[in-house]
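Notes follow once the structure below has been shown.
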Amino acid sequence: MKLRKYLSLLLIACMMITMLAACGSSDSGSSSSGSESSSEAESEAAAPADNILRVALDFSAFETVDVMKTTYTEIFEISDCVCETLMGKDPETLESFPLLVEDFPEVSEDGLVYTFKLKEGIKFHDGTDLTTEDVIYSFERLFNPETLCPMTWLVDMIQGANEYLNGEADSITGLAAVDDYTFTMTLNMPYSPMIATLASSPLAIISKDACEAAGDDWGIGSYVGTGPYKFESFESGSKIVLKKNEDYHGGAKNVDEIDFLCMDGNTALLEFEAGNVDICNLSTELAEDYKADEKFAKNVGYQDYFGVFTLVMNQYVEPFDKKEVREAFSLAIDREAIANDYFGGSVSPAYTFLPPGISGHDAGFKIERDVEKAKQLLADAGYPDGVTVTEYIAAESDVLSIIKEQVAEAGITFDLQLADSATVSDLRSNGKLACWILQWYADYNDADEFLYGIWHSNMRYYFSTGFEDADFDAKLEQGRSLTDEAERTKLYQEMDKYVTQDQVCNAPLYYPGSYYMISDRVSNVMIKKDFLWWYADAVIG
């Protein structure tokens, strides 16, 4: 959860968390009650004359900024300013480059042993040196069962990692220090995207001394990395403050401070219009209004990503335990209407789980809407008079409302029930949510993150997929070990077809893009292709 996450995650349950990475309201599908019309504003508010970047972000549900405890993309973005990973990634292509290491690792002929050399002289924010001890500690904390990290699958091919996670070992045997700045990483099998994976946000390298000293306060009152900004404070439901690291090994950044201000999407737009925040989300339904307003048109930005929005249908919950119902639901959805009529063509209709730009994406496949066939499938499944599907959501969603109208034509009553976000999250993570909209983005450019991260049997409860298939799991493992890219691409295309067309585990909706608002006084802030905002290089003035 780029998840993002990489998720984002990069993901949302039933649209329960609406987000534009660092903003509180979804740019691509969540409804908004609207903000004050910009044309009604009496005068443009003067922006603050300080060197502080202010970001509107809804983190009311967050209790920590510890990147190892979440799949939320917002936490990934905050952590990326404070902590760093062994490898970095190009914001446009997601291509890997050495960040905390001197160069790309040496890899043994069998593809199992990676040897890394850390850059010397890099210091944590507490003044201590980065050493291999911190690297090994960071990975062991990731797999420590007490951490409850949902993203261990990213690197669970490290030898001994799963044994450590299961409490069967006292250390991860695949990690070994050669000296203070050199270490080896041994895998159970060759894994071609390993280097790219090491740039994923949850694999942040943290200070062992600082983390152990902080105890339960880690991620709340203390969070120490090597990044360009230092963690200053976290006021739950109010404000998160980061301060510039003057001693950053990559050179001090331009902005003195980054403040994340907790507010919902509508409040964020009002505060943006008043000049009190520099960056916020802009929902699709309001984007045209702002683009047409000469006062704010220049502040409207847009970015697409390597990602997908899809409706996950839980095979453990009626009526989605029947394939015919899942297929009927998918066939009743008009994806082109969602993409072109609602989103105004700012997103593309999705027919596959793997999005464009990710190996294995089948650009030639299309799901044709067929209401009559959907009705027949329901009858075949024992529902000749139609069927009711209940979905619990934490916030109103225009996209879900549109889908509700569309599937009703096939005799499907889509019952949307509002519930608090904690309840929805609990249902989803315990395998009890009948269906929900998954938002998934690439932490790195490889199909494994999409297919393994969601459709492995181990995730059947956490992501409420109800999908358990030993043969499919074996193919996922096979894909991880293949080194021939053509062979991998073919295999991933076949697996995508299996979960989307053959078993209809999900109904892809659209490949996303996001609108946002950015202040005139801010430059060099961007959303990367992994859906994560990058704030550290911001310039004010």
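The shortest non-hydrogen separation linking Asp58 to Asp264 is OD2-CA, 4.3 Å. A pairwise comparison of heavy atoms in Pro202 and Leu142 identifies O-CD1, 3.5 Å as the closest pair. Minimum interatomic distance between Thr70 and Asp66 (heavy atoms only, all atoms of both residues): CG2-O, 4.0 Å. Between Ser359 and Ala447, the closest heavy-atom pair is O-CB, 3.2 Å.
From Tyr498, atom OH reaches atom CG of Asp471 across 7.0 Å, with rounding to the nearest 0.5 Å. Rounding to the nearest 0.5 Å gives a distance of 8.5 Å between CZ of Arg460 and OG1 of Thr465. A distance of 11.0 Å separates CH2 of Trp455 from CD of Gln503, quoted to the nearest 0.5 Å. Note that CG of Leu482 is 12.0 Å distant from NZ of Lys475, once rounded to the nearest 0.5 Å. Interatomic distance, Phe467 CZ to Ser457 OG, rounded to the nearest 0.5 Å: 6.5 Å.
Between Phe329 and Phe414, the distance from one ring center to the other falls under 6.0 angstrom. Proximity of the aromatic rings of Tyr515 and Tyr290 is defined here by a centroid distance below 6.0 angstrom, and this criterion is not met. The aromatic ring centres of Phe234 and Tyr223 sit 6.0 Å or more apart. In this structure, the ring of Trp533 has its center less than 6.0 angstrom from the ring center of Tyr516. Under the 6.0 Å cut-off for aromatic ring centres, Tyr305 and Phe531 qualify, their centroids lying closer than that. Two rings, from Phe59 and Phe260, have their centers 6.0 Å or more apart.
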Should Asp321 and Arg326 be marked as a salt bridge (charged side-chain N to carboxylate O under 4.0 Å, His left out) after you check the CA-CA gap, both sets of side-chain angles, and the distance that decides it? CA-CA 8 Å; Asp321 57 336; Arg326 302 194 300 272; over 6 Å; no
Given salt bridge (charged side-chain N to carboxylate O under 4.0 Å, His left out), test Glu288 with Lys291 step by step and report yes or no. CA-CA 5 Å; Glu288 292 303 319; Lys291 288 194 291 183; 2.9 Å; yes
Please evaluate residues Asp448 and Arg488 with respect to the criterion salt bridge (charged side-chain N to carboxylate O under 4.0 Å, His left out), reporting the C-alpha separation (whole Å), side-chain torsions for both, the decisive distance (0.1 Å), and the verdict. CA-CA 10 Å; Asp448 177 74; Arg488 291 185 83 237; 5.4 Å; no
Using salt bridge (charged side-chain N to carboxylate O under 4.0 Å, His left out), reason through Glu368 and Lys373 one step at a time and then give a plain yes or no. CA-CA 11 Å; Glu368 297 285 356; Lys373 184 177 180 180; over 6 Å; no
Could you go through the side chain to side chain contact (heavy atoms under 4.5 Å, CB included) check for Val407 and Ile333 one step at a time? CA-CA 6 Å; Val407 299; Ile333 296 173; 4.1 Å; yes
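Between the side chains of Thr352 and Asp362, no donor N or O sits under 3.5 Å from an acceptor N or O. Between Tyr383 and Glu324, the side chains place no donor N or O within less than 3.5 Å of an acceptor N or O (distance only, hydrogens not considered). In this model, no donor atom of one side chain and acceptor atom of the other lie less than 3.5 Å apart for Asp156 and Thr152. A donor-acceptor contact closer than 3.5 angstrom is absent between the side chains of Asn144 and Thr147. Donor-acceptor pairing under 3.5 Å is lacking for the side chains of Asn166 and Asn162.
Panel note: side chain Asn314, backbone Phe320; no donor-acceptor pair is recorded below 3.5 Å. Judged by distance alone, with hydrogens and angles left aside, the side-chain atoms of Thr64 form a donor-acceptor pair with the main-chain N or O of Gly219 at under 3.5 Å. Of the possible polar contacts, one joining the Arg335 side chain to the Ala350 backbone as a donor-acceptor pair under 3.5 Å is found. Using modelled atom types, no side-chain atom of Asp259 and backbone atom of Val241 make a donor-acceptor pair closer than 3.5 Å. A donor-acceptor pair under 3.5 Å is formed between the side chain of Asn299 and the backbone N or O of Ile518. For the pair Arg428 (side chain) and Ser425 (backbone), a donor-acceptor distance under 3.5 Å is absent. Of the possible donor and acceptor atoms, one in the side chain of Lys323 sits under 3.5 Å from a partner among the backbone N and O of Asp502. Proximity of a side-chain donor or acceptor of Asn506 to a complementary backbone N or O of Val499 within less than 3.5 Å is detected. A distance-only check finds a donor-acceptor pair linking the side chain of Ser200 to the backbone of Thr197 [under 3.5 Å]. Although no hydrogens or angles enter the test, the distance criterion places a donor-acceptor pair under 3.5 Å between the side chain of Ser138 and the main chain of Ile206.
The 12-atom threshold is not exceeded at CD of Glu63, counting heavy atoms of other residues, nucleotides or ligands nearer than 6.0 Å. Sparse packing is recorded around CD of Glu318, with 12 or fewer heavy atoms of other residues, nucleotides or ligands lying under 6.0 Å away. Heavy atoms from other residues, nucleotides or ligands lying under 6.0 Å from CD of Glu146 number 12 at most.
Side-chain contact check for Phe353 versus Ile454: some heavy-atom pair is nearer than 4.5 Å.
Using a 4.0 Å cut-off between charged side-chain N and carboxylate O, Glu391 and Lys404 make no salt bridge. The pair Lys375-Glu372 meets the salt-bridge criterion, with a side-chain N (NZ, NE, NH1 or NH2) lying under 4.0 Å from an Asp/Glu carboxylate O.
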